[in-house]
A.B. asks: 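Sharing a structure here in structure tokens format.
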Amino acid sequence: MTTFAVLGSGGWGTAVAVLLAQNPAHRVRLWSAHPDHAAVLRATRENTRLLPGVRIPDSLQITSDPAEAVASADCWVTAIPTTYLRATLGRFSALRADDAPVVSLTKGLEVTTFRRPSEIIGELLKTENVAVLSGPSHAEEVARGMPTSLVVAADGALAPWVQQRFGTDRFRVYTNGDLVGVELAGALKNVIGIAAGICDGLGFGDNAKAALLTRGLVEMTRFGVAHGAEPATFHGLAGTGDLITTCFSPHGRNRRVGYRLGRGEPLDDVLAGPQVAEGVLTSRSVFERTSRSGIDAPIMTAVYEVLHNGKSPRSAVQDLMTRSQKH
Ligand code: 13P
């Protein structure tokens, strides 16, 4: 029996907990930061807002008590938005009895520190036993058993360990040794996802979208390589794969933020709401880096300017199309 503690009861945390609980050799606990939400999930066995119609199996234990969640867990799974990750893990740091592996599901970058989620986890939980699971994976599709392929990045034996325990005949997990690349790809694609939404919101067509994805991937790769990542990682599931899902899905949180901005809705209205579009803050972290380091990232810079500097989507596009010619 392998015991998993899934920390975070958003759509993705719930979907992964449901996936893991399908295996009778797994004992799964899902931790919610909110006692009221935990109580509703326990009573209804459904995450009605984020995963309507998906039954949470009775075997899956739901709690808002950190100690209960991680008691004798063989594996911790963190599904917490970057902006809450540090504070939330602070509630768990004294509960590390042994060095159980931690699988990070978060796709973002911490503002001001530029820390990747796996670095925050390592720092707070004092461990190097951290894997990153990333790739095109909308929670509602995984929870409904639709085919999904992801990539797990970790050092040594941890990647195959995760691959074996998380993989099913509907959830195929590849391994990759490039943790920095997998994690940066997952964070950066959210920024391009916002740009894709802007493109759709402005009513542009297939040509614009194709150019955006292609040039966006170039920027993601350039940025990643400058931070020690392998270029090939950006052409795999964590890069191209997740970029496609995020930029084309009508349900995607990041694309939806961009779409509403492109339609002319005020930024404050667009950002109000319970769901976290990670690309909003990631664009700020990326801008802080690119403006200091000189990495050429015009699309990600344009997204930053629209979100944080009051630039209109239309003039951002105009400036991108007319900036001085690059090879
Ligand atoms: P979006 O909700 O922006 O599409 O991001 C979800 C995701 O990362 C799917 O792989």
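Computed from a predicted structure; not experimentally measured. Residue numbers run from 1 in the order of the sequence given. In each ligand, atom 1 is the first atom listed, and ligand 1 is the first ligand listed.
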A.B. asks: Which residue holds the protein heavy atom closest to atom 10 (O) of ligand 1, what is that atom called, and what is the gap in Å?
C.D. replies: Asp242 OD1, 2.6 Å

A.B. asks: In this structure, are over 12 heavy atoms from other groups packed under 6.0 Å from Glu128 atom CD?
C.D. replies: no

A.B. asks: So is Ser137 in contact with ligand 1, going by heavy-atom distances below 4.0 Å?
C.D. replies: yes

A.B. asks: Pull out every atom of ligand 1 sitting under 4.0 Å from any heavy atom of Gly135, numbered as shown with elements.
C.D. replies: 10 (O)

A.B. asks: I'd like to know whether ligand 1 has Glu278 as a neighbour, heavy-atom separation below 4.0 Å.
C.D. replies: no

A.B. asks: Under 4.0 Å from any heavy atom of Lys107, which atoms of ligand 1 are there?
C.D. replies: 7 (C), 8 (O), 9 (C), 10 (O)

A.B. asks: Side chains of Thr233 and Asp178: donor-acceptor distance under 3.5 Å anywhere?
C.D. replies: yes

A.B. asks: Let me see the working for Glu110 and Arg115 under salt bridge (charged side-chain N to carboxylate O under 4.0 Å, His left out), right down to the final yes or no.
C.D. replies: CA-CA 5 Å; Glu110 193 173 45; Arg115 291 271 202 290; 5.6 Å; no

A.B. asks: Just to be sure I'm reading this right: ignoring hydrogens, which of Arg253, His251, Arg256 gets closest to atom 2 (O) of ligand 1? Compare them by their nearest heavy atoms.
C.D. replies: Arg253

A.B. asks: As an exercise, identify every atom of ligand 1 less than 4.0 angstrom from a heavy atom of Lys189.
C.D. replies: 5 (O), 6 (C), 7 (C), 8 (O)

A.B. asks: Find all atoms of ligand 1 within a distance of less than 4.0 Å from any non-hydrogen atom belonging to His138, and give their numbers and elements.
C.D. replies: 1 (P), 2 (O), 4 (O), 6 (C), 9 (C)

A.B. asks: Within the structure, is a non-hydrogen atom of Pro136 found at a distance of less than 4.0 Å from ligand 1?
C.D. replies: yes

A.B. asks: Just grab all the ring-ring contact (aromatic ring centres under 6.0 Å, His included) pairs involving residues 126-175, residues at least two apart or on different chains.
C.D. replies: Phe4-Phe166

A.B. asks: Could you tell me whether the side chains of Glu141 and Thr148 share a donor-acceptor contact shorter than 3.5 Å?
C.D. replies: no

A.B. asks: Among all the protein's non-hydrogen atoms, which is closest to atom 3 (O) of ligand 1, and how far away is it?
C.D. replies: Asn254 ND2, 2.7 Å

A.B. asks: Quick test of your reading of the model: are Lys107 and Asp242 salt-bridged, counting only N-O distances below 4.0 Å?
C.D. replies: yes

A.B. asks: Taking atom types as modelled, find out whether Arg172 and Ser149 have a side-chain donor-acceptor pair closer than 3.5 angstrom.
C.D. replies: no

